[in-house]
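Structure first, then comments.
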4 protein chains.
Amino acid sequence: MQNLTKQQKILKAATKIFSEKGFHQAKMDEIANVAKVAKGTLYYNYSSKSKLFAATVTDGMKKIMQTISKELESDLPFLDHFRLLLSSSIRLYLKHSEVTKIYVNELSSGLDPETLTEIKQIRNQFIDFVTNILQTGQERGYLKPLNQHLSATALIGIIESLCNNQVNETDDHSMEEIIETIFAILSTGLLNPVKVQF
Amino acid sequence: MQNLTKQQKILKAATKIFSEKGFHQAKMDEIANVAKVAKGTLYYNYSSKSKLFAATVTDGMKKIMQTISKELESDLPFLDHFRLLLSSSIRLYLKHSEVTKIYVNELSSGLDPETLTEIKQIRNQFIDFVTNILQTGQERGYLKPLNQHLSATALIGIIESLCNNQVNETDDHSMEEIIETIFAILSTGLLNPVKVQF
Amino acid sequence: MQNLTKQQKILKAATKIFSEKGFHQAKMDEIANVAKVAKGTLYYNYSSKSKLFAATVTDGMKKIMQTISKELESDLPFLDHFRLLLSSSIRLYLKHSEVTKIYVNELSSGLDPETLTEIKQIRNQFIDFVTNILQTGQERGYLKPLNQHLSATALIGIIESLCNNQVNETDDHSMEEIIETIFAILSTGLLNPVKVQF
Amino acid sequence: MQNLTKQQKILKAATKIFSEKGFHQAKMDEIANVAKVAKGTLYYNYSSKSKLFAATVTDGMKKIMQTISKELESDLPFLDHFRLLLSSSIRLYLKHSEVTKIYVNELSSGLDPETLTEIKQIRNQFIDFVTNILQTGQERGYLKPLNQHLSATALIGIIESLCNNQVNETDDHSMEEIIETIFAILSTGLLNPVKVQF
DNA sequence: CATGAATGAGAATTCATTCAT
DNA sequence: TATGAATGAATTCTCATTCAT
């Protein structure tokens, strides 16, 4: 912990506070206290609260995408690949709920346009990242020819909604149960194929 | 417009401003201006900004649920019922994006606990509302025996995620396209049944 | 209780609230509630909060002076008279601590000059009232030829100080003890005549 | 004046304004103006108006007690000691009437409980301080065996009442006259020993 | 590079007072 | 006479940002 650079200490503290309190409720004073630096040092490294926030989100999401990418570097059959994508996403979402919660919940919280754009970019990178995986599956014939971008957004929406509930409400569903439900819905849908004739 | 009660005028203005700016960025001054009442009148009717916010969300969600309920009072076959649930939800979600956006995005924005609880209650009512519909479908054999609560949460998550994107990003997807994608995913999933053998 | 006039109901409620909260902490809303009249009625009867406050104090002090006067209408020897004055004052002070506390504590609380003058007048009437009694005693040779006005002010100061402490701090001194101490101090002083040679 | 610390400048300005206007009528804006600091600086140094008020009173009373203590560090006979206590108290009371007035008059003005307790403590310290002096006199046989705490309270009450009157009313009594009257009353009482036989 | 005291624009909230009914 | 919804001026307190050291 002692050998973190000041920037890293600040980013770590900011992540903690922003995710606990949200953008507007987080105070620069508290971030400085937690990071054990003077308030001026925050401004020395990041020109404004907005910039610090954007840095926090970008940093966190990049780490998540890198981790998922690494985990997907394998020759698994697509279906296993797909399941792995889901379980990795969920696991990382819950692990980093601090970051993901921010970028889900704070988009409308009055950030300045420049910062907002920065954060939307990183969100879109995540959607593109998922879109690519879906595209591969579709090209190989595993997935229906649905709009990939919408599908990716839907997929992320499911994950966010369930994980958010898990985080906010302390629902009593296990992570396994959540993964299985999401996988079931996304793979073959809610409808019972035996009963429903197409 | 002139024959709205003052409470209604306030609620209408508050809905507009809260959804445009989010909770913390919305200013009581501006709400008062838009409602064309004095700032004191806001406080005469709602004891605090938080209470006004909660009233706004509760009011909006109740209207949405009432509308969906009414639209579902029919003898359609379940599948049509299900499709109607989706399209109604989506249509209303987009129509009332002002309200839905706030209740999705502001849960972590530092509301006082009491108000937070009030808003979570109305969200849970919506989840319960969807859960009930899914339960019916399941009892009649149309839906797989998945956990209904998780399924309902997932369903709402998909809707929120796609609609939020639609609202925030002005994606170029039509409402029809969104409805079809959601319906496809939720009914038979993403996987291609021809290729994937179970 | 039902056959009080509205003015009386208001005065009673105002006395209660002013004495419990002080002038600035007392709210017209609360006084109206306690009096069970509409807020407008307060203003119909008293043109401002200050005026209502002055009416409250004046009314209360007049009642106290009338009562003491009546109790002193007797042919007791002066010393008994003096003791009676003290015990009556203390008893009434404690009984009406609601009123007396106000006029002691609120003189500097930012009342408008006109109202302030009105309240000072009634305080001075009380001092004059006591001054008169002291004058009688002095004329008859019972009291030392001290400045009567200063003596009266001192006497009232002792009573106020001890009674205030009694009211505020719930000191564990009985009313008897307080009366005896005051009487002792005021009659023959603190000094021990045996030891001190004049 | 220029080499006062900012805290001292604030305390000085606060003392002035609080005593002129009382707690509720004093405005933080005005205190900041008088102290020639920004309003935020007030809050940077004292977390609330109440805290600033308490600091003002505590600071002032401590200075008064220190001064009296120093003046009483002498080998005077008790009677002179006693007279010195009175004259010092009165002189300081009048000199610091700014402070003493507030702590006498604002106890019921709706301060928050914590602050109220803080101020009552310092008042009790002053009573204890006087009680100690009376105790010494009593042990040495100079004073009657009256309850010391009540006596001290009475003594302070006399001083406060007369000085308050002096300050508020600009009575035309000289300080000498006030000291002599108080000394006379407290030493041998109001009663004329020649006439009254015990 | 780092600090933290100082700043002041900005916001929520209060409440005496008014006035249409 | 009586009412109470409506008002808006006034005030406390917050907190991102700056800058002298």
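In the text below, chain A, chain B and the rest are named by the order of the sequence lines, each starting its count at 1.
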> Within this structure, what is the NZ-to-P distance between B:Lys36 and F:dG8, rounded to whole angstrom?
Replying inline: 15 Å
> Looking at C:Phe18 and C:Ala26, what are the two nearest heavy atoms and their distance?
Replying inline: CD2-CB, 3.5 Å
> Between B:Leu42 (CG) and F:dA9 (P), how many Å, whole number?
Replying inline: 16 Å
> With a 4.0 Å cut-off on heavy atoms, is D:Ala26 in touch with a base, just the backbone sugar-phosphate, or nothing at all?
Replying inline: sugar-phosphate
>> Let me spell it out: for each of D:Asn45 and A:Lys6, pick the nucleotide of DNA chain E with the closest heavy atom. Which residue's pick is nearer the 5' end?
In response: A:Lys6
>> Applying a 4.0 Å non-hydrogen cut-off, can you work out what C:Lys27 is touching in the nucleic acid: base, sugar-phosphate, or nothing?
In response: sugar-phosphate
> How many Å lie between NE2 on A:His24 and C1' on E:dA12, as a whole number?
Replying inline: 15 Å
> For B:Met28 and D:Val37, take the nucleotide of DNA chain E holding the closest heavy atom to each; which residue's nucleotide lies nearer the 5' end?
Replying inline: D:Val37
>> Could you tell me how far apart D:Lys51 (NZ) and F:dC13 (C1') are, to the nearest whole angstrom?
In response: 15 Å
> If you find the nucleotide of DNA chain F closest to A:Tyr43 and the one closest to B:Gly40, which residue's nucleotide is nearer the 5' end?
Replying inline: B:Gly40
>> Using heavy-atom distances to pick each residue's nearest nucleotide on DNA chain F, tell me which of A:Ser47 and B:Thr41 is more 5'.
In response: B:Thr41
> Is there a donor-acceptor contact under 3.5 Å from the side chain of C:Lys27 to the main chain of C:His24?
Replying inline: yes
>> Please report the interatomic distance CD1(D:Ile119) to CG(D:Asn124), rounded to the nearest 0.5 Å.
In response: 12.0 Å
> Roughly how many Å is it from OH in B:Tyr46 to P in F:dA6, rounded to a whole number?
Replying inline: 11 Å
>> Measure CZ/D:Phe53 against C1'/F:dC13 and give the value in whole Å, please.
In response: 19 Å
>> Please tell me if A:Lys49 has a side-chain N or O lying less than 4.0 Å from either OP1 or OP2 of F:dA16.
In response: yes
>> Checking the side chain of A:Thr41 only, and the main-chain atoms of A:Tyr44 only, is there a donor and an acceptor separated by less than 3.5 Å?
In response: no
>> Side chain of D:Tyr44 only, heavy atoms from C-beta on: which candidate in F:dA2, F:dT17, E:dG4 is closest?
In response: E:dG4
> Can you check the D:Ile31 CD1 to F:dT11 P distance for me, whole Å?
Replying inline: 12 Å
>> Counting only Watson-Crick pairs (N1-N3 plus N6-O4 or O6-N4) and G-U wobbles (N1-O2, O6-N3), all under 3.5 Å, who is the partner of E:dA2?
In response: F:dT21
> Do side-chain atoms of B:Thr58 reach the backbone of B:Ala55 as a donor and acceptor pair under 3.5 angstrom?
Replying inline: no
> Has the side chain of C:Lys39 got a donor or acceptor atom sitting under 3.5 Å from an opposite partner on the base of E:dT17?
Replying inline: yes
>> Please report the distance, rounded to the nearest Å, between CG in B:Asn33 and C1' in E:dA12.
In response: 15 Å
